[in-house]
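Contents: one structure, followed by commentary.
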Number of protein chains: 2
Amino acid sequence: MNTLEKVQKSLTHFSKSERKVAEVILSSPQTAIHSSIATLAKMADVSEPTVNRFCRRLDTKGFPDFKLHLAQSLANGTPYVSRHVEEDDSPDSYTTKIFESSMASLDTARQSIDTTAINKAVDVLTQAKKISFFGLGASASVAHDAQNKFFRFNVPVISFDDVLMQRMSCINSNEGDVVVLISHTGRTKSLIDIAKLARENGAAVIGITARNSPLSTVCTLPVTMEVPEDTDMYLPMASRLAQLVIIDVLATGFTLRRGPRFRENLKRVKEVLKESRIDKDPIL
Amino acid sequence: MNTLEKVQKSLTHFSKSERKVAEVILSSPQTAIHSSIATLAKMADVSEPTVNRFCRRLDTKGFPDFKLHLAQSLANGTPYVSRHVEEDDSPDSYTTKIFESSMASLDTARQSIDTTAINKAVDVLTQAKKISFFGLGASASVAHDAQNKFFRFNVPVISFDDVLMQRMSCINSNEGDVVVLISHTGRTKSLIDIAKLARENGAAVIGITARNSPLSTVCTLPVTMEVPEDTDMYLPMASRLAQLVIIDVLATGFTLRRGPRFRENLKRVKEVLKESRIDKDPIL
DNA sequence: AATAGTAATGTAGTTTTATTATATTTTTGT
DNA sequence: ACAAAAATATAATAAAACTACATTACTATT
């Protein structure tokens, strides 16, 4: 709970002098956080240790710590919290909500990611003879994006959003090939089949999917994460953002592993793209 | 401005030692606010007065005051700050950096968006006879994603990532059709041509692009935003995330405008998708 | 390349601030 | 009214922050 609210709510539980302190703080929290313990004590007409005890009673380490907590509760901007869009939200309101929910989801996703898996995936990718990215539905565009990115690395890379093409491609895969499967739920039947198919043909299978999902168990290397349920709009939103950022992370890991000379290459690719533009300017 | 952002932005203006202090704070602001000046100085491997000078340089009265400000900015808006990936970053470190940079970019994007334009775009989209999404390169996958989303709305929707197909499609467009063009820079020649072509044929042209870019000027309805330069990896990252979220916003606006009965439809689409899955579970 | 000047950083001492230990007062219950 | 307990204050101690000044590291100029 917010510290200021806590002071307010505990008002009755305080002793006489402590209440004096609370009153002073409530009447002007801004002053409180900028005062020393001595000043505050004088304002409340109590002794310094009383103020100190007051702070500890509110589960803080002492006066400076209490000020910190108080300062935070004064800056009462609810940080990125996932909020549902309501029927009568204004454009301004639902825009903000969707952006903030997206950010909040990325945050939870980040916290749930196993960087050891990331590192292994980068290992595998850097050594790949051929990389394929497969996804279906909303995840197909993530695969598409991944293809675009790795294509710049000058590695053989494929992406199909057609189930049959995906199957065919997997049947032709060999030892040294890497198949990256993208699925939010990790329950899409055909993708699970494809994972098995690829393994049977000796390819390494990286799965960007949910922890403990069926897909994650059939992959040779699952890169799992937890993404909060998509909002009440019946559309996939947060999940694919997190997937895209994972792709970014893998791509970045890839370039880091390849070293500085490799990045010169990328620069060249970027230069070439400039010619399709009206002016000097970065990426597409 | 938010103190944490300020630290980030002033990085270049700092002296060598002050930068060390800044890095320590940025890498773990939570630790910073709970440390004494001595501890922080030791962590940054500088002297205490250096930390003090650092604080004053950021327009605070001193170290305790700085901590207060920092605490507020942590509670307040942007806990995420864009940081560059370094050559020798660990997987854990670059993963965090990329996620946080992504979130920070979304935040700046959000702040720069004109919700009036969003609202108009939703207007136009809901009345469209046919919707086309076009992008090239990294923006192509955004277009692809948009198609997937609007397809569920049961509206005629197209997406091509081939320039010629895009042209042909525009030539055949009519009054009442809507063309959505996606480009981070807004300088891609062929997309600008396409915008003109579509207008000549009476279509409404929505441009998801940079403010004041050539593309934004030829659209009938530019939905512009500012996305901080992509990181020093020569790859498009933040920009397309913001574009995707804009798509989400437009899609959400669309369903809101269509009312509750329409959302029943979406639910049905979702139900159907379940059959392709191993178990009960949401979206792809 | 040497040197004066300037900026940056660190050392050590000083002041301020917070905390602890203990004494005093107030409250409460019998 | 008095003892016991709780609350509060005083004074001493410890911790933290700050200041003045010394040293070092740069920059530019000859």
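Chain letters run A, B, ... following the sequence lines, proteins first and then strands; every chain starts at 1.
Put simply, chain B comes within 4.0 Å of DNA chain C, heavy atom to any atom, from C:dA8 to C:dT11, going 5' to 3'.
A salt bridge is absent between A:Asp114 and A:Lys120: the closest approach of a Lys/Arg side-chain nitrogen to an acidic carboxylate oxygen does not fall below 4.0 angstrom. The pair A:Arg110-A:Asp107 meets the salt-bridge criterion, with a side-chain N (NZ, NE, NH1 or NH2) lying under 4.0 Å from an Asp/Glu carboxylate O.
Nucleotide D:dA16 holds its C1' atom 17 Å from the CZ atom of B:Phe66, rounded to whole Å. A straight line from NZ of B:Lys42 to P of D:dA16 spans 11 Å, rounded to a whole angstrom. In this entry the distance linking CG of B:Asp65 with P of D:dA17 reads 12 Å, nearest Å. Atom CG of A:Leu68 is separated from atom P of D:dA16 by 14 Å (rounded to the nearest Å). Atom pair A:Arg53:CZ and D:dT10:P shows a separation of 12 Å (rounding to whole Å applied). Taking atom CD1 on B:Ile37 and atom C1' on D:dA17, their separation rounds to 6 Å, with Å as the unit. We find that CZ of A:Phe54 is positioned 15 Å from P of D:dA7, with the value rounded to whole Å. The separation between A:Lys16 atom NZ and D:dA7 atom P is 12 Å, rounded to whole Å.
For the OP1/OP2 pair of D:dA7 and a distance below 4.0 Å, the side-chain nitrogens and oxygens of A:Thr50 include no atom meeting the criterion. Residue B:Asn52 places at least one side-chain N or O under 4.0 Å from the OP1 or OP2 atom of D:dC18.
Toward the 5' end of DNA chain D, the nearer of the two residues A:Lys20 and B:Gly62, judged by each one's closest nucleotide, is A:Lys20.
Note: B:Phe66 and B:Phe54 have perpendicular aromatic rings, judged against thresholds of 30 and 60 degrees for the angle between ring planes.
Contact of the A:Leu250 side chain with the A:Lys149 side chain is not registered, since no non-hydrogen atoms from C-beta on lie closer than 4.5 Å. Annotation: side chain of B:Leu58 is not in contact with side chain of B:His69 (no heavy-atom distance under 4.5 Å).
Dense packing is recorded around CZ of B:Phe14, with more than 12 heavy atoms of other residues, nucleotides or ligands lying under 6.0 Å away.
Backbone-only engagement by A:Val46 is indicated by non-hydrogen atom pairs under 4.0 Å involving sugar-phosphate atoms exclusively.
Side chains of A:Thr39 and A:Ser36: a donor-acceptor N/O pair is present below 3.5 angstrom, by distance only.
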